[in-house]
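Read through the structure below, which is laid out as structure tokens, and then see the notes.
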Amino acid sequence: MFKSSSRWCGLACAAALFLSLVSTAQAADEPDLIFRRSTVFKFLSPDDKLATYGLDDPDVEGVACHFTVPEKGGYKGWLGLAEQVSDISLSCRQIGPIRIKAKFEQGEDMFRQRRSMFFKKMQIVRGCDVKRNVLVYMVYSDRLIEGSPNNSTSSVPIMPWGSSDTIQKCGDFLSK
């Protein structure tokens, strides 16, 4: 009995070490935390919170997105074991001259983040409304077996930034 429980303890420690190494490797791609606000008080464990993050589109210079996600508190949330809910809001804006760096596909991932240990992830995808020359961003979460219809969309019209700025056409950068 003792050998069996020590084996499980060793496996759990190895898994925890692996997950910490993986999350450390992904930390460079993490968005910037802007602020958090508590929404549900928990007496002896961390509160449930709403957290607002900011990130720049890695393939489109001059566009920044902000999203707000609920973060589960309690002991499961503190340990990273709670499955996070899918209610995510998104807002993207032009913050400088827009320069599209490379061709992209409609609905291409701009950012993705795990929302549970194994099964759920949040994704921000990018597309182009060619007729209106507008970049369109959508955030949603999916699960291995069943996704969520909760989503949010934000549009960024490609506008001149200053008097000498040339306006790119996002349709010129779509992969055909």
Side-chain angles (χ1 to χ4, degrees), residues 11-96 98 104-129 132 134-158 170:
L11 287 173
C13 289
L17 177 63
F18 173 75
L19 288 173
S20 70
L21 290 174
V22 169
S23 64
T24 302
Q26 294 175 346
D29 298 329
E30 289 296 309
D32 302 319
L33 174 66
I34 308 301
F35 62 89
R36 280 189 175 104
R37 292 297 304 231
S38 292
T39 58
V40 175
F41 174 74
K42 307 272 186 179
F43 183 63
L44 295 174
S45 61
D47 295 347
D48 289 353
K49 296 178 175 70
L50 287 174
T52 299
Y53 294 90
L55 72 137
D56 298 316
D57 187 327
D59 296 326
V60 180
E61 187 178 314
V63 173
C65 295
H66 292 89
F67 61 93
T68 299
V69 293
E71 294 180 344
K72 286 279 195 184
Y75 292 114
K76 282 186 177 181
W78 180 61
L79 293 171
L81 301 174
E83 183 170 319
Q84 303 293 336
V85 296
S86 301
D87 301 328
I88 306 161
S89 65
L90 175 71
S91 177
C92 299
R93 298 290 184 266
Q94 181 176 358
I95 59 166
I98 292 181
F104 62 91
E105 294 182 22
Q106 293 283 32
E108 182 175 281
D109 279 358
M110 190 265 288
F111 174 76
R112 67 177 30 193
Q113 180 182 60
R114 290 209 167 279
R115 297 289 290 152
S116 74
M117 187 171 276
F118 298 110
F119 302 112
K120 187 186 268 188
K121 63 184 175 291
M122 175 194 77
Q123 299 176 78
I124 300 176
V125 296
R126 174 192 334 101
C128 167
D129 177 345
R132 295 164 187 83
V134 172
L135 294 167
V136 180
Y137 295 83
M138 178 180 64
V139 65
Y140 68 99
S141 67
D142 63 3
R143 293 177 64 169
L144 186 60
I145 297 176
E146 179 183 326
S148 168
N150 296 342
N151 64 77
S152 181
T153 303
S154 186
S155 301
V156 180
I158 301 176
C170 64

Original post:
What is the distance from atom SG of Cys65 to atom CG of Leu135, rounded to the nearest 0.5 Å?
Top reply: 9.5 Å
**OP:** List the steps and the verdict of salt bridge (Lys or Arg N to Asp or Glu O under 4.0 Å) for Arg126 and Asp109.
**Re:** CA-CA 6 Å; Arg126 174 192 334 101; Asp109 279 358; over 6 Å; no
Original post:
If you take all heavy atoms of Tyr53 and Leu33, which pair is closest and at what distance?
Top reply: CD2-CA, 3.6 Å
Original post:
Closest heavy-atom contact between Pro31 and Gln113?
Top reply: CD-NE2, 4.3 Å
**OP:** Give the minimum heavy-atom separation between Val134 and Ser155, together with the two atoms involved.
**Re:** CG1-CB, 3.6 Å
Original post:
Rounded to the nearest 0.5 Å, how far does CZ of Arg112 lie from CD of Gln123?
Top reply: 4.0 Å
Subject >> Heavy-atom side-chain contact between Val63 and Ile98 under 4.5 Å >> reply: yes
Original post:
Taking atom OG1 of Thr52 and atom NE2 of His66, what is their separation to the nearest 0.5 Å?
Top reply: 8.5 Å
Subject >> Check: Ser154 side chain, Ser91 main-chain N or O, donor-acceptor pair, under 3.5 Å >> reply: no
Original post:
Taking the side chain as C-beta and beyond, is there a heavy-atom pair between Gln94 and Pro157 under 4.5 Å?
Top reply: no
Subject >> Heavy-atom closest contact (Cys128 atom, Gln106 atom, distance) >> reply: N-OE1, 2.7 Å
Subject >> Tyr140 and Met122, any side-chain heavy atoms less than 4.5 Å apart >> reply: no
**OP:** First locate atom CG of Asp56, then atom CG of Asp32, and finally report the distance between them rounded to the nearest 0.5 Å.
**Re:** 7.5 Å
**OP:** Check Leu90 against Phe67 and note the closest heavy-atom contact, atom names and distance.
**Re:** CD1-CB, 4.3 Å
Original post:
Considering all heavy atoms of both residues, which atom of Val156 and which atom of Arg93 are nearest to each other, and what is their separation?
Top reply: CG2-N, 3.9 Å
Subject >> Spacing of Phe111 atom CZ and Ile124 atom CD1 [to the nearest 0.5 Å] >> reply: 6.0 Å
**OP:** Output the distance between atom OG (Ser152) and atom CE (Met138), rounded to the nearest 0.5 Å.
**Re:** 10.0 Å
Original post:
Can you tell me if CD on Glu105 sees more than 12 non-hydrogen neighbours from other groups inside 6.0 Å?
Top reply: no
Original post:
Would you call Val139 and Asn151 a side-chain contact if the rule is heavy atoms closer than 4.5 Å?
Top reply: no
